[in-house]
Number of protein chains: 2
Amino acid sequence: MRKNSSTNYENEQVLHDFCDAAYTLSVLSGRWKLTILVKLMEQDLRFGEIKQMIPKITERVLALQLKNLEQDQLILKIQHKSDPKAPVYRLSLKGKSLKPLINSLAKWGEKYK
Amino acid sequence: MRKNSSTNYENEQVLHDFCDAAYTLSVLSGRWKLTILVKLMEQDLRFGEIKQMIPKITERVLALQLKNLEQDQLILKIQHKSDPKAPVYRLSLKGKSLKPLINSLAKWGEKYK
DNA sequence: CCGTATCCAAATAGATACTG
DNA sequence: CAGTATCTATTTGGATACGG
């Protein structure tokens with residue numbers, strides 16, 4: 001009797017390809033990514049502003065995480081021709097689309113932590 | 001003009017405490033955790049069975065990941081008095097409750113990867 | 001069969017100084 | 001201000017051998 005007895009009623013929820021879930025986890029995993037994304041949900045920010053909001057992050061690591069997020073196309077780095085030295089980081093549509101997902105993660109965490 | 005123009009219509013979705021989301025990510029992050037959880041969604045398994053299903057995992061790492069999952073109370077290690085040498089790993093209720101969440105992760109990943 | 005013990009490699013993150 | 005360069009520390013995962 002090793003097979004779960006619950007097989008019948010639980011399978012109405014089909015399991016999607018969990019490799020896709022692994023991809024999602026991969027873009028979210030990183031010491032400060034969630035924090036940065038959440039800050040950017042509210043407004044566009046510059047490097048120094050993020051640094052100020054997250055005092056414990058070092059410049060090197062902030063640069064790395066931003067680069068990752070940009071490569072995964074979750075954020076955009078916007079440079080104006082008028083002042084290319086003051087780029088702004090902004091959520092992309094893909095990044096914005098994470099909002100409900102992050103909320104789902106938070107709800108599960110709140111309930112089960 | 002740095003403030004997002006989208007502030008008005010997007011805030012109907014309140015942002016939950018993202019620390020709770022970080023907790024959720026933390027229990028899911030680990031090289032093989034998702035794989036193991038998905039296998040256990042279908043049936044209880046023994047150490048050696050999981051090892052066979054994931055040939056590339058080493059015994060040390062499998063033991064570590066199982067220990068993590070057990071500590072986070074996502075899985076149960078079930079030992080029968082009759083044969084304490086043949087424990088079975090089983091999803092806990094908390095572990096089972098991840099199913100819809102993992103599906104959400106997979107759906108987002110499928111769409112945006 | 002179900003792990004643990006040792007040792008090692010890789011990835012990630014931190015401290016600090018420096019540059020265009 | 002917005003990063004890069006170095007160097008180090010920590011965490012995580014892998015290879016392999018051994019033990020109850």
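Letters A, B, ... are given to chains in the order of the sequence lines, protein chains preceding strands, and every chain is numbered from 1. Only this structure's heavy atoms are used, side chains among them; waters, hydrogens and symmetry mates stay out.
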(Q) Please report the distance, rounded to the nearest Å, between CG in A:Leu66 and C1' in D:dT4. (A) 14 Å

(Q) Between A:Lys113 and B:Asp20 (salt bridge meaning N to carboxylate O under 4.0 Å), is one present in this structure? (A) yes

Q: Check whether any side-chain N or O of A:Lys77 sits under 4.0 Å from OP1 or OP2 of D:dG3, and answer yes or no.
A: yes

Q) To the nearest angstrom, how far is A:Glu49 atom CD from D:dA2 atom P? A) 8 Å

Q. Linking I/L/V/M/F/W/Y whenever their side-chain heavy atoms sit closer than 4.5 Å, directly or via other members, would A:Leu76 and A:Val38 fall into one cluster?
A. no

Q: Whole angstrom is fine here: how far is it from CD1 in B:Ile36 over to P in D:dG13?
A: 10 Å

Q | Closest non-hydrogen atom pair between B:Tyr23 and A:Tyr112, with its separation | A | OH-O, 3.9 Å

(Q) Any non-hydrogen side-chain atom of B:Lys107 less than 4.5 Å from a side-chain atom of B:Lys111? (A) no

Q) Whole-Å distance between D:dG3 P and A:Lys67 NZ? A) 8 Å

Q) Where the side chain of B:Lys94 meets the backbone of B:Asp72, is there a donor-acceptor pair that is under 3.5 Å apart? A) yes

Q.
A side-chain contact here means heavy atoms from C-beta on lying under 4.5 Å apart; do A:His80 and A:Ile78 qualify?
A. yes

(Q) Using every non-hydrogen atom in the two residues, find where A:Leu40 and A:Tyr89 come nearest and quote the distance to one decimal. (A) CD2-O, 3.4 Å

Report, one pair per line, the protein and nucleotides 9-12 of chain D atoms (nitrogen or oxygen only) whose separation is under 3.5 Å.
none

Q. Taking CD from A:Glu59 and P from D:dC7, how many angstroms apart are they, rounded to a whole number?
A. 19 Å

Q: Check whether any side-chain heavy atom of A:Met41 sits under 4.5 Å from a side-chain heavy atom of A:Ile102, and report yes or no.
A: yes

Q: Walk along DNA chain C from 5' to 3' and tell me the first and last nucleotide with an atom closer than 4.0 Å to a non-hydrogen atom of chain A.
A: C:dA13 to C:dA17

